[in-house]
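Okay, so here's the structure we're looking at.
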Amino acid sequence: GRVQEFAHRLREAAGEVERQWEDRVEHIRQIKLTEKDKALSAIQRQRIKALRKLSDARKAVDVEPEERKRDIVRDYADYSSSVYAPVTRDGKVTQDKLSHLFETDPAQLKGLRELSALET
């Protein structure tokens, strides 16, 4: 009778509450999935944008100096170029053409007596 009807209504009420909770959970899950999709698409857009920037930067990079053709007129017009003053660290060692005119081992520096003579 009454107890069975009460138990039946109680089960129906519990089932209704369970369905409401499932609906809430499903709604929240759908919201979270939508947020995740939005975040992923934003990340993908940023990634594509960064890749485009990188590609443009690679195109804009100047040709490597070794690959660039030498501009002889510019080299000779610029007195600070390596044509006039080669850089020895690049392996361009030039000898002084007039070095034979300069004395590099004078007689005054041969010994202590000659050095003492210079001081007096």
Side-chain angles (χ1 to χ4, degrees):
R2 291 179 68 196
V3 173
Q4 289 175 347
E5 189 176 326
F6 178 74
H8 178 66
R9 287 186 185 172
L10 189 59
R11 276 190 226 107
E12 284 181 0
E16 183 64 30
V17 168
E18 186 69 24
R19 279 190 296 280
Q20 287 176 352
W21 278 110
E22 287 175 1
D23 290 346
R24 284 183 187 172
V25 167
E26 183 61 26
H27 181 69
I28 291 172
R29 190 175 79 71
Q30 290 297 327
I31 290 173
K32 294 292 184 183
L33 280 174
T34 306
E35 289 175 359
K36 182 184 89 167
D37 290 344
K38 284 181 184 177
L40 285 176
S41 64
I43 290 170
Q44 186 67 10
R45 280 193 306 273
Q46 289 175 350
R47 180 177 166 273
I48 290 170
K49 189 176 181 181
L51 286 173
R52 282 187 189 135
K53 279 186 181 180
L54 184 63
S55 174
D56 292 344
R58 283 186 181 152
K59 289 177 189 173
V61 168
D62 201 11
V63 179
E64 291 296 319
E66 294 81 24
E67 297 173 5
R68 194 180 317 146
K69 198 169 183 181
R70 179 176 171 211
D71 186 358
I72 297 172
V73 174
R74 186 186 67 220
D75 288 348
Y76 279 94
D78 181 14
Y79 290 109
S80 65
S81 75
S82 62
V83 171
Y84 293 106
V87 182
T88 56
R89 69 173 171 263
D90 290 342
K92 306 279 194 298
V93 179
T94 58
Q95 300 296 327
D96 186 4
K97 292 176 183 167
L98 303 176
S99 64
H100 65 281
L101 301 177
F102 301 107
E103 185 180 2
T104 57
D105 194 20
Q108 291 91 349
L109 300 178
K110 292 284 184 200
L112 183 60
R113 189 175 312 126
E114 290 84 1
L115 282 173
S116 298
L118 282 177
E119 291 179 352
T120 56

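Values reported hereafter were calculated over all heavy atoms of this structure, with side chains retained and with hydrogens, waters and symmetry mates removed.
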Listed once per pair and sorted, the side chain to side chain donor-acceptor pair (under 3.5 Å) pairs that draw on residues 31-55, sequence neighbours left out: none
If we check side chain to side chain contact (heavy atoms under 4.5 Å, CB included) with Glu5, which of these qualifies: His8, Arg2, Arg9? Arg9
Drop me the distance from Ile28's CD1 to Leu33's CG, to the nearest 0.5 angstrom. 12.0 Å
Donor-acceptor contact below 3.5 Å, side chain Glu114 vs main chain Gly111: yes
Say whether Tyr79 and Val83 are linked into one hydrophobic cluster, either directly or through other cluster members, by side-chain heavy-atom distances under 4.5 angstrom. yes
How about Tyr84: does its OH atom have over 12 heavy atoms from other parts shown lying under 6.0 Å from it? yes
To the closest 0.5 Å, what do you measure between CD (Glu26) and CZ (Arg24)? 14.5 Å
How long is the span from the CD atom in Glu12 to the CZ atom in Arg19, to the nearest 0.5 Å? 8.5 Å
